[in-house]
2 protein chains.
Amino acid sequence: MISANRNIRRLLRYRNSLCKMQELGFETVYSYNLGRETGVSPEQVRKDFSQFGIKGNKKGGYNINELLITIREIFRKDELQKVIVVGVGNIGNAILQYKGFQKNMIEIVASFDIDPTKYKKKKLPVPVYSLDKLPKFVVEHKINTAIMTVPERVAQDVADLLIEAGIKGIMNFAPTVLKVPPHIHIVNICIGHELESLIYHSLQMGNNGRGKGS
Amino acid sequence: MISANRNIRRLLRYRNSLCKMQELGFETVYSYNLGRETGVSPEQVRKDFSQFGIKGNKKGGYNINELLITIREIFRKDELQKVIVVGVGNIGNAILQYKGFQKNMIEIVASFDIDPTKYKKKKLPVPVYSLDKLPKFVVEHKINTAIMTVPERVAQDVADLLIEAGIKGIMNFAPTVLKVPPHIHIVNICIGHELESLIYHSLQMGNNGRGKGS
DNA sequence: AAATTAATGTTACACTTTTCACAATAAAGA
DNA sequence: TCTTTATTGTGAAAAGTGTAACATTAATTT
């Protein structure tokens, strides 16, 4: 079977680099080019492609255009993927403002919050609704995926609500491990932990402060 | 040696759960409790602890207070870690507003942007400086870690600037693989890719839309 | 005090992912 | 056309990570 996780992530990185290369006018790419650009070994690049049935030319490398088409097919970029945001706080806001999703056939179609003062919020590209309206909206608009940017303390409850409404994938920004049925997909993004982990590794590495002082 | 990456991340999750348990008045915890809360197997919990030299009691489990102290020691929570944010756009803003770092001995002490209109920005808890001021600031305040929330197209240049200034760890929100010397630590957070990956897996899983229609 | 029990701590196994080595092959050159 | 060459494609080895089994031990019970 295909579907690992790592491959998928790398595929997205490849796509990024490939787009840039295409813009620069390149037509073909070698595994070691793409590897260098994406921080992946050439063997890994070839293996990933091979795994997804992508063929190159024995001496001419891979055709960038074909690669991009195939990658888009893998990610089903023929249909627009509709996503909602739940929790219009700092991060929720930032995500709503972000313009980069559209080009990858993803559209944030609505947002939800408990706080009524948010409902009138202008300057947002999508409406903010009450949480009550969520279940109906999800069903009617056939939403599968939600970005959840709510306070930690309500994260589990909101997740339950989302799943009950029929959501299949949740991107969770709260530093909580959500308890969900096995068929639900969760991606946890915990900026705080990432930062602490980074600091930890930087400290490990050696001279904390500059120079050898202190 | 200790220092894997996965362990560290799990340790942070443990800490989260342990704090909650402590607030609820618990004094000890068993590996399977903590495992259940954090989505980790009990064996893994024990192994992680063992790896960091944390000892439990043969029948009474682990002492929550000791655990927390040890974990804090591992992460060097005796000293405040100062961090800067570079790029005060949507996400940069959100991160600057976020209040949760303080409790883990992390403080965002300043932010930087090229856009002069940002410098006067009130409602931010830290000042926004010109990028010119960055090198001196980093040296004077002994900053090791930066959160980089700049547009993709300038990400590499800003990273170079940061490293030149003496930054050892960068949290990068642009979907680019930064080319950096080996002693520099990078954490990439690419919300777009995470979202696409999530959608991919959700689609794989089965009935895209609700019911069996279409 | 001895036996039982319920947990930890650790060693061995299994699985996953990456790297390595090299076979296969199409293009380029002689 | 034959040889060389530069690249892909892949099977095997290695490294990394998680799981399972079990040995160990301190508290509890008898």
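A quick note: this is a predicted structure, and the numbers were derived from the prediction, not measured. Here is the naming used below: chain letters follow the sequence lines, and residue numbers restart at 1 for every chain.
Glu107(B) CD: more than 12 foreign heavy atoms inside a 6.0 Å radius. For Ile114(A), the CD1 atom sits in a loose shell: 12 or fewer heavy atoms of surrounding residues, nucleotides or ligands are nearer than 6.0 Å. More than 12 heavy atoms of other shown residues, nucleotides or ligands fall within 6.0 angstrom of atom NZ in Lys20(B).
The aromatic rings of Tyr98(A) and Phe101(A) sit perpendicular to each other, their planes meeting at more than 60°, with 30° as the lower class boundary. Using the six-membered ring where Trp is involved, Phe137(A) and Tyr129(A) have ring planes that are tilted, between 30° and 60° apart.
The phosphate of dT16(C) (OP1 or OP2) has no side-chain N or O of Arg6(A) nearer than 4.0 angstrom.
The OH-P distance, from Tyr30(B) to dT8(C), rounds to 8 Å in whole Å. Here dT17(D) presents its C1' atom at 12 Å from CG of Asn5(B), a figure rounded to the nearest Å. As a whole-Å value, the separation of Arg9(B) CZ from dG16(D) C1' is 16 Å. The nearest whole Å value for the distance from the CZ atom in Phe52(A) to the P atom in dG9(D) is 15 Å. Look at CZ on Arg10(B): it is 9 Å from P on dT19(D), rounded to the nearest Å. Rounded to whole Å, the distance from CD on Gln51(B) to P on dT17(D) is 10 Å. Between Gln44(A) atom CD and dA21(C) atom P there is a gap of 16 Å when expressed in whole angstrom units. Protein atom CG of Asp48(A) is 14 Å distant from nucleotide atom P of dT8(D), rounded to whole Å.
Contacts of Lys55(B) with the nucleic acid, taken as non-hydrogen atoms under 4.0 Å apart, involve only primed sugar atoms and P, OP1 or OP2. Residue-level contact check: Tyr62(A) touches the backbone only, with heavy atoms under 4.0 Å from sugar-phosphate atoms and none from bases.
The side chain of Glu43(A) lies closest to dC20(C), out of dC20(C), dG18(D), dA20(D). The nucleotide whose nearest atom lies closest to any side-chain atom of Ser41(B) is, among dT17(D), dT19(D), dG11(D), dT19(D).
Residues Ala159(B) and Met148(B) approach most closely at N-SD, 3.8 Å, considering heavy atoms.
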Summarise protein proximity over nucleotides 25-30 of chain C in one line of letters, 5' to 3': B for base, S for sugar-phosphate only, - for none, counting protein heavy atoms closer than 4.0 Å. BBB---
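When each of Arg15(B), Arg9(B), Arg10(B) is tested with Asp48(B) by the rule salt bridge (Lys or Arg N to Asp or Glu O under 4.0 Å), just one qualifies, namely Arg10(B).
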